[in-house]
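If you're wondering where the values come from, they're calculated on a predicted model, not measured in any experiment. Throughout, a chain's letter reflects where its sequence line sits, starting with A, and its residues are numbered from 1. Because only heavy atoms are used, hydrogens play no part in the values below, and waters and symmetry mates are left out as well, while side chains stay in.
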Number of protein chains: 2
Amino acid sequence: MIKMKEIAELAGVSISTVSNVLNGRKNVGQATRERVLQICSEYGYHPNLSGKKAKSANSNTIVFVFSDFDRDFYLKIIEGISDCLTENGYDLMICTNKSAANFMRGSLASGAIILDGSLTDDFLISVAKPDFPVVLMDRIIRNEQAETKSVIVDNYPVMCEMVQGLVDKGFKRFGFIGGLDFTLDNQERYAGFTDTLAKNNIEFDRKYYFHGNYREKSGYQAAKIMLLSNDLPEVVVCANDNMAIGAIKAFEENKIRVPDDISVTGFDDSVLAEMKGLTTISIPRYESGYLAAKELLAMLEGTANKEPFKLGATIKWRKTVK
Amino acid sequence: MIKMKEIAELAGVSISTVSNVLNGRKNVGQATRERVLQICSEYGYHPNLSGKKAKSANSNTIVFVFSDFDRDFYLKIIEGISDCLTENGYDLMICTNKSAANFMRGSLASGAIILDGSLTDDFLISVAKPDFPVVLMDRIIRNEQAETKSVIVDNYPVMCEMVQGLVDKGFKRFGFIGGLDFTLDNQERYAGFTDTLAKNNIEFDRKYYFHGNYREKSGYQAAKIMLLSNDLPEVVVCANDNMAIGAIKAFEENKIRVPDDISVTGFDDSVLAEMKGLTTISIPRYESGYLAAKELLAMLEGTANKEPFKLGATIKWRKTVK
DNA sequence: TTGTAAGCGTTATCAT
DNA sequence: ATGATAACGCTTACAA
């Protein structure tokens, strides 16, 4: 690893001249500039980022934290983030929750985008400062001190719309398989569900609420439990696709046909949902990543409000609903 | 961001004492140690990694580079890498090809794992030095100077085994949809295919080789072309699942039933393959990531040979083969 | 246009 | 047991 000092010696100039050349400052003679550049490429010089950052806290790198390896749409989100950052001259560095604290606190990056439930609110509040803004995806932290901004799916209205659609189709007996109770997503989705039923004077007995954890298996198990009772609902609304797919599997194993005997809906529009023909709600993943990055850059420039940004979603009616 | 200097002042000790406490050195009095630790947690001190690295080039972080956002098995590989590194006290930092040069050359990391076709051999050779070893996944670079090690799927024997299986089932007229010609994977898979046919005295007319690029669409198009001729093969062996799925789609659109009229096989065992009941070859993803990380750590310790590490794969006979 | 020197937040050596 | 002090590789006033 050749360093600036050696380049300077080879070029017969001072270290600061090399630095000036490399940073494109104009106070360098044409001849010197070319000579330095020539030597740099000849010897394969590349700046040591640690040295750089040690001095000018301005790192131009953003960290993205995730950790649930089961959600296949991470890649699309990352692609959106990556594109936006690249367009703006920033580097993206991705890590899992395990290294998050190190990278977020070590001043290697200038901001972070979080799509992870395992980092605590307290931790996030402690790192999200004006000089290290944080964008939260699918999550909201209400704290005046913390420099956070949320980018979330606007679950409520689209869930209302879908449930209203189901009501209009004539469904009366509903079941609901929920995700993790404490997540914002689940709360809003469930609220849209119950509110719409209430509005239509359809009673929802809480015994038809089944607790899941967003994984396929939990949907499968919820459906298994449902099957034990003698009165299945006419339609099961699930808080995400994975659970819907699990539920369908359980029904089919028990000779309950979807949608003939029971209808099922999901949320997310994952690859599998499309494949299975699952009625669900489609979220703009790439766009959400792009937007999250854009908001973060705005925060870095001080031009951003802290109101949650709500992403619209759209219903995909497919064949799992009669 | 409070720094060591301020902690030192608050504790009424010198900066070096704080450093000693933080790095668990034993040359510090019990009372001092406790006082310093207390103040650190009280003021939320966290070391600045740039400062750290500026001094002691030993970073304990590994970078993983990928960039094809269409391959759904990245996450499993990352999980494997992440687990191995975490167990060994390393941090994982993931990036796409766009930032790869920065992170690999900036001395932020001590080694890299590459799963990306867009980084050139030349680039990789230029960074892979004894003090910055590189593990390549699904790719081999033969260069004595470069400190690289490959972790690859042992395509050949398993492909032979599968094709032999097909021959044993009585298939005689084969088609092959290849991936990108220059990739090692494609070359080995195709070699296993032709060699096995030759061994069984089955002639393979090169006109039944179709060029694809590993994407679903290219498989679809290859099948479309096949359909134009009047003699379809009895079985189409594809270099990966995506293309196999595309081909199946094309066949079904043209009322050619799989497997009744034509059999199809893939390679990878992706989520979709399982879903579609595609006969394919399963690669141990999590394990391959774990192993790649393990090999990298071994290189870092100087205990590793440079022979490619070959991962075994297994056939999954499913319903797309008659 | 170019160079000198101070400083970034750490670690490590060597006195004390 | 503790503290000066140099050093890491770079940037940036400021001086020449």
Side-chain angles (χ1 to χ4, degrees), chain A residues 1-37 39-40 43-61 91 102-110 131-132, chain B residues 1-37 39-40 43-61 91 102-110 131-132:
Chain A
M1 296 292 108
I2 191 166
K3 357 185 167 165
M4 262 184 55
K5 189 178 175 198
E6 317 177 48
I7 297 289
E9 282 162 7
L10 287 163
V13 297
S14 80
I15 229 180
S16 38
T17 298
V18 177
S19 172
N20 285 332
V21 169
L22 263 28
N23 292 5
R25 282 183 254 279
K26 44 310 202 77
N27 57 344
V28 187
Q30 186 58 21
T32 320
R33 153 164 285 118
E34 277 167 13
R35 185 155 32 95
V36 169
L37 254 19
I39 295 184
C40 282
Y43 288 82
Y45 170 79
H46 292 281
N48 178 314
L49 296 194
S50 303
K52 226 174 178 135
K53 293 181 187 174
K55 185 63 186 177
S56 64
N58 187 9
S59 68
N60 263 37
T61 117
D91 282 318
N102 273 338
F103 293 152
M104 294 176 71
R105 285 184 165 145
S107 310
L108 291 183
S110 26
D131 64 342
F132 191 87
Chain B
M1 294 293 108
I2 191 164
K3 356 182 170 167
M4 263 185 54
K5 189 178 173 198
E6 316 178 48
I7 297 290
E9 282 162 7
L10 286 163
V13 297
S14 80
I15 257 188
S16 18
T17 298
V18 177
S19 173
N20 285 332
V21 169
L22 262 28
N23 292 359
R25 282 184 252 282
K26 44 312 200 83
N27 59 343
V28 187
Q30 185 59 22
T32 319
R33 154 164 283 116
E34 278 167 11
R35 184 153 34 92
V36 169
L37 254 19
I39 294 184
C40 282
Y43 288 82
Y45 170 80
H46 292 280
N48 177 315
L49 295 196
S50 303
K52 225 173 179 133
K53 291 180 187 173
K55 186 64 185 175
S56 64
N58 188 8
S59 68
N60 262 38
T61 115
D91 281 318
N102 273 338
F103 292 152
M104 293 175 73
R105 285 184 164 143
S107 311
L108 290 182
S110 28
D131 64 342
F132 190 88

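- Checked against dT2(D), dT10(C), dG3(C), the side chain of S14(A) finds its nearest nucleotide in dG3(C).
- When each of dT11(D), dC10(D), dT11(C) is scored by its nearest atom to the side-chain atoms of S19(A), the top-ranked nucleotide is dT11(D).
- N60(B) places none of its side-chain heavy atoms less than 4.5 Å from the side chain of D91(B).
- Between the CD atom of Q30(A) and the C1' atom of dT2(C) there is a distance of 15 Å, given to the nearest Å.
- For R33(B) and dA1(D), the CZ to C1' distance is 11 Å, given to the nearest whole Å.
- Within 4.0 Å (heavy atoms only), R25(B) reaches sugar-phosphate atoms of the nucleic acid but no base atom.
- Whole-Å rounding puts the L108(A) CG to dC8(C) P distance at 18 Å.
- Judged by distance alone, with hydrogens and angles left aside, the side-chain atoms of R35(B) form a donor-acceptor pair with the main-chain N or O of A11(B) at under 3.5 Å.
- In this structure, of dT2(D), dT2(C), dA4(D), it is dT2(C) that holds the atom nearest to the side chain of T17(A).
- Between S16(A) and dA5(C) there is no side-chain N or O to OP1 or OP2 distance below 4.0 Å.
- A distance-only check finds a donor-acceptor pair linking the side chain of N48(B) to the backbone of S50(B) [under 3.5 Å].
- Between the C1' atom of dG3(C) and the CD1 atom of I7(A) lies a distance of 18 Å, rounded to the nearest Å.
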Go through it in stages, so that I can follow the logic: the residues are L22(B) and Y45(B), the test is side chain to side chain contact (heavy atoms under 4.5 Å, CB included), and I'd like the CA-CA distance, side-chain angles, deciding distance and then a yes or no. CA-CA 10 Å; L22(B) 262 28; Y45(B) 170 80; 3.3 Å; yes
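- The nearest whole Å value for the distance from the CD1 atom in I2(A) to the P atom in dC10(D) is 10 Å.
- Note: CG (N48(A)) to P (dT11(D)) measures 10 Å, nearest angstrom.
- Inter-residue side-chain proximity for R25(A) and S19(A) is flagged as met; some heavy-atom pair is nearer than 4.5 Å.
- Nucleotide dC10(D) holds its C1' atom 12 Å from the CG atom of N20(A), rounded to whole Å.
- When rounded to the nearest whole Å, the span between CG of N23(B) and C1' of dT10(C) equals 9 Å.
- With dG3(D), dT1(C), dT10(C) as the choices, the nucleotide that has an atom nearest any side-chain atom of I15(B) turns out to be dT10(C).
- Along DNA chain D, the nucleotide nearest to N27(A) and the one nearest to K3(A) differ in position, and the one closer to the 5' end is contacted by K3(A).
- A close approach under 4.0 Å does not occur between any side-chain nitrogen or oxygen of Y45(A) and OP1 or OP2 of dG9(D).
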